[in-house]
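Order of listing sets the numbers, starting from 1, for every ligand and every atom in it.
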Amino acid sequence: MKKIIAILVIALLFSSCSSNNESKKYQATSPNGTIVVDFNLNAKGKPFYSVVFNNKKVVDSSYLGFEFTNAKALKDNFNIVNTTTSTFNETWQMPWGEQVDVVNHYNELRVELQETSELKRKLNLVFKVYDDGIGFRYEFPEQANFKEALIKDEHTEFNLTEDYKTFWIPGDWDIYEHLYNTTKLSEVDALQFANHKNLAQTYIPENAVNTPVTMVGADGTHLSFHEAALIDYSGMTLKVDTKNLDLKSSLVGSENTDYKVKRTLPFETPWRTIQISNNAPELIESKLIVNLNEPNKLGDVSWFTPMKYTGVWWEMHLDKSTWHYGMEHINGEWKDTGKAHGKHGATTENVKNFIDFSAKNNIGGVLVEGWNTGWENWIGFEDREGVFDFVTPYPDYDINEVVRYAKEKGVEIIMHHETSAATETYTKQQDTAFALMQSLGMHSVKTGYVGKILPKGEYHHGQYMVNHYNNTVEKAARYQVAINAHEPIKATGLRRTYPNTISREGLRGQEFNAWASDGGNPPEHLPIVAFTRMLSGPIDYTPGIFNIKFDEYKPDNQVNTTIAQQLALYVVIYSPIQMAADLVEHYEANPKALQFIKDVGVDWQQTTVLNGEVGDFVTIARKERLTENWFVGGITDENARTIDVDFSFLDADVTYQATIYKDGKTAHWDNNPTDLEVETLTITKASKLSCNLAAGGGFAISLIKK
Ligand code: NOJ
Ligand code: CA
């Protein structure tokens with residue numbers, strides 16, 4: 001139940017002809033007083049803002065404005081017509097999530113601007129200042145002289161005051177699946193990644209970064225830049241001015257139009273956000289991004305249940321089986337023979353094997369990829385529209401029988417819709433596809449958008465696709481279907497408004513370890529991801545690979561962590577659907593480690609980040625909603641280290657049976673990744689424990705109430 005604790009509105013009215021007076025303060029301060037945002041106009045009537053944190057300027061005077069293809073720029077000659085400040089404080093509940101209760105407490109400054117020139121166009125700016133950061137957005141109110149905005153670009157600046165240590169991926173218009181770079185802000189060079197060999201689509205037009213981009217200052221100030229509530233607009237990249245240490249918004253465009261965003265007034269832009277903290281753990285605990293989104297519009301969403309899942313998936317990435325049913329490699333070329341080649345993964349029998357395994361191991365779902373016709377012609381083809389239809393199974397997959405069998409075993413089948421980025425086909429078929437799911441009692445689908453977007457000229461992160469992704473989520477909700485999108489648009493907290501946006505990819509996932517020609521995801525990848533990509537929302541990373549080297553399938557590839565780290569990821573990475581990604585036979589060969597996957601929760605009452613440094617290590621404790629058991633996961637980069645865990649976060653007066661899964665003495669991500677030790681202890685709130693993490697290692701602890 002939403003509870004509004006206090007709303008206080010103080011309206012300060014200024015007459016419309018008041019002159020701009022720089023000595024006047026237009027300001028909002030965070031509830032705890034540590035963050036202050038100032039807004040004003042310069043002598044030319046140009047709007048700017050600045051941000052102070054702990055009495056230090058972290059964003060110096062930064063200008064705000066727009067350029068259009070159908071109108072004069074909106075950036076100067078403004079007057080302040082009216083300003084309002086208010087306070088808001090509520091606590092809302094997540095239907096599933098990292099925690100149940102979320103405090104949404106901020107002070108707001110709303111500024112109404114009007115041009116002094118003849119058009120007298122209006123623009124509002126709204127700043128919300130929280131204890132964990134700020135969000136601001138532009139409102140284009142209804143007005144006589146401005147009906148439609150064709151936005152050429154948005155000019156929002158973040159003028160920084162220090163050459164921060166920056167954790168970034170390039171501002172690719174098409175994919176977020178890049179490794180993170182750690183450089184000074186002044187050394188960001190995104191264009192070096194303009195031609196990436198492992199990606200089916202990529203476009204990096206300028207020296208910009210994608211968000212979230214996280215920075216660490218010399219005094220320990222942590223900043224992360226992103227956006228919230230990305231609706232009917234294009235994604236924002238941040239262009240880096242390496243000389244002036246300045247970030248400038250640069251929207252994702254389209255080859256089909258000379259504008260980047262088209263909107264009819266009135267409308268609002270997404271929130272431009274800066275998460276601000278004194279340390280790395282607080283960045284992960286920040287709820288700024290979800291708080292800046294509207295409350296749940298779907299009402300009761302109890303038809304979806306958070307779950308762990310297995311699936312017909314990793315085996316295709318290992319080339320053990322295929323998505324397609326009838327293709328053969330003949331004289332160096334793939335040919336559609338129309339005849340079964342016997343390696344098809346999504347067979348009734350194989351899926352039943354996953355169902356049996358899941359049912360035995362407290363795993364609620366089974367994902368089936370490659371179940372529908374079309375995989376013979378899905379990739380590399382120009383004309384991909386009409387290839388997939390999302391309702392026709394291959395002859396060796398009896399979808400009704402699989403669903404019946406799964407139900408009998410208490411397991412849910414997870415649907416798969418690879419669209420191959422042929423968006424018109426998918427849009428046309430969604431009703432039929434979601435209706436089929438509903439009739440079969442299937443409540444979640446993994447969608448995929450591999451390849452260049454059709455219609456040609458559009459990019460994954462532009463306005464056309466933002467609308468496609470959001471419309472898909474809304475339409476799916478009508479059929480009680482939840483979406484886990486791969487090759488998605490970035491998460492911007494819309495899961496608050498549409499909780500059926502359960503998870504997404506939007507990063508270099510585990511799959512890269514199976515086939516990337518650059519050695520896969522290095523040990524530092526996830527200790528960076530936890531403080532960058534994960535700040536935006538849930539991640540379908542697909543952890544839990546036990547056969548780390550899989551030499552029998554791919555001698556040149558491997559996972560670059562220890563097995564203990566693979567277990568820790570079930571706690572470190574948040575997602576309401578969490579895959580146990582390895583093959584059944586690899587799990588059955590290691591019952592000792594499998595026990596943790598069997599026990600670990602997926603839906604949390606509370607989350608505490610115990611320690612961490614961006615790019616180095618992180619330890620997270622989460623309390624499971626239903627059982628009130630706690631789970632702890634810690635991971636490290638390529639450096640071995642000792643992590644001390646103080647269990648004071650545990651509930652008082654409870655004794656826990658703790659099982660600790662840790663790197664063995666000789667463990668090492670490359671030399672000995674499967675060296676795992678399991679120890680059982682009795683733990684209480686007063687306990688302390690020292691854990692030795694191997695290079696690329698980790699530890700996982702289950703704390704079951706006695
Ligand atoms: C890319 C996705 O990330 C992966 O998980 C999936 O298996 C393939 N596309 C096929 O849809
Ligand atoms: Ca992918």
Side-chain angles (χ1 to χ4, degrees), residues 169 172 174-179 196-202 210 309-325 327 344-346 351 354 365-381 384 387-390 394 414-423 425-426 433 444-453 460-461 465 469 483-491 502-518 520-521 525 529 533 538-545 554 557 559 573 575 577-583:
I169 52 169
D172 197 319
D174 246 342
I175 197 95
Y176 306 110
E177 297 179 16
H178 290 271
L179 285 176
H196 201 292
K197 51 185 181 303
N198 284 312
L199 299 170
Q201 71 276 340
T202 171
N210 253 313
Y309 70 101
T310 59
V312 183
W313 179 75
W314 188 238
E315 59 181 77
M316 279 88 93
H317 289 271
L318 292 185
D319 292 343
K320 178 192 174 194
S321 69
T322 63
W323 284 274
H324 53 77
Y325 170 83
M327 269 184 117
H344 181 221
V351 174
F354 277 98
V366 175
L367 165 73
V368 186
E369 292 200 6
W371 68 277
N372 60 329
T373 57
W375 291 88
E376 286 75 14
N377 300 298
W378 78 292
I379 205 165
F381 292 83
R384 281 166 280 127
V387 163
F388 285 118
D389 74 3
F390 316 104
Y394 279 123
I414 300 174
M415 181 46 98
H416 185 234
H417 292 165
E418 173 55 65
T419 69
S420 67
T423 60
T425 299
Y426 192 41
S444 54
V445 56
K446 169 175 169 180
T447 57
Y449 293 85
V450 171
K452 285 193 173 303
I453 296 292
H460 280 70
H461 309 152
M465 282 308 289
Y469 291 116
I483 305 274
N484 164 25
H486 278 230
E487 298 77 51
I489 188 64
K490 61 178 121 176
I502 43 173
S503 196
R504 77 190 72 209
E505 190 187 39
L507 84 168
R508 253 176 84 122
Q510 182 90 276
E511 63 188 28
F512 275 75
N513 292 325
W515 39 253
S517 57
D518 60 5
N521 300 337
H525 183 54
V529 162
R533 161 68 183 82
I539 308 178
D540 188 35
Y541 185 74
T542 68
I545 300 303
K554 298 274 193 91
N557 299 86
V559 171
I573 294 173
S575 176
I577 46 156
Q578 195 72 280
M579 191 170 199
D582 211 342
L583 311 182

Seminar exercise, completed: Rounding to 0.5 Å, atoms CD1 (I539) and CD1 (I577) come to a distance of 12.0 Å

Exercise. Which of the atoms of ligand 1 are close to E487, meaning less than 4.0 Å from one of its heavy atoms?
Worked result: 1 (C), 2 (C), 3 (O)

For this session: Kindly confirm or rule out an N or O of H317 lying under 3.5 angstrom from an N or O of ligand 1.
Result: yes

Problem set entry | Per-atom contacts, ligand 1 versus H486 - under 4.0 Å to a heavy atom | 2 (C), 3 (O), 5 (O)

Exercise. Can you tell me how far CG of L367 sits from CG of N484, rounded to the nearest 0.5 angstrom?
Worked result: 8.5 Å

For this session: Starting from the Ca ion (ligand 2), look over the N/O/S atoms of E487 and name the nearest one.
Result: OE2

For this session: Check each of K446, E369, E505 against atom 8 (C) of ligand 1 and report the one with the nearest heavy atom.
Result: E369

Problem set entry | Whether R533 side chain and R508 backbone form a donor-acceptor pair below 3.5 Å | no

Exercise. Does Y449 approach ligand 1 within less than 4.0 angstrom via side chain, backbone, both or neither, non-hydrogen atoms only?
Worked result: neither

Problem set entry | From CA spacing to verdict: side-chain hydrogen bond (donor to acceptor under 3.5 Å, both in side chains), S321, E315 | CA-CA 6 Å; S321 69; E315 59 181 77; 2.7 Å; yes

Exercise. Which angle, to 10 degrees, forms at the Ca ion (ligand 2) with OE2 of E177 on one side and OE2 of E511 on the other?
Worked result: 120°

For this session: Under 4.0 Å from a heavy atom of V450: give me the atoms of ligand 1 that qualify, with their elements.
Result: 1 (C), 9 (N)

Exercise. Hey, mind stepping through H460 and Y449 against side-chain hydrogen bond (donor to acceptor under 3.5 Å, both in side chains) and telling me if it holds?
Worked result: CA-CA 8 Å; H460 280 70; Y449 293 85; over 6 Å; no

For this session: Can you sort out which atoms of ligand 1 are near H416, meaning under 4.0 Å from one of its heavy atoms?
Result: 11 (O)

Exercise. Taking the six-membered ring for Trp, are H525 and Y541 parallel (under 30°), tilted (30 to 60°) or perpendicular (over 60°)?
Worked result: tilted

Exercise. What orientation do W323 and W375 show, parallel under 30°, tilted 30 to 60°, or perpendicular over 60°?
Worked result: parallel

Exercise. Can you say whether the rings of Y176 and H461 are parallel (under 30°), tilted (30 to 60°) or perpendicular (over 60°)?
Worked result: parallel

Seminar exercise, completed: For E418, the ligand 1 atoms with a heavy-atom partner under 4.0 Å come out as 9 (N), 10 (C), 11 (O)

Problem set entry | atom 4 (C) of ligand 1 - nearest protein heavy atom and its distance | E511 OE1, 3.0 Å

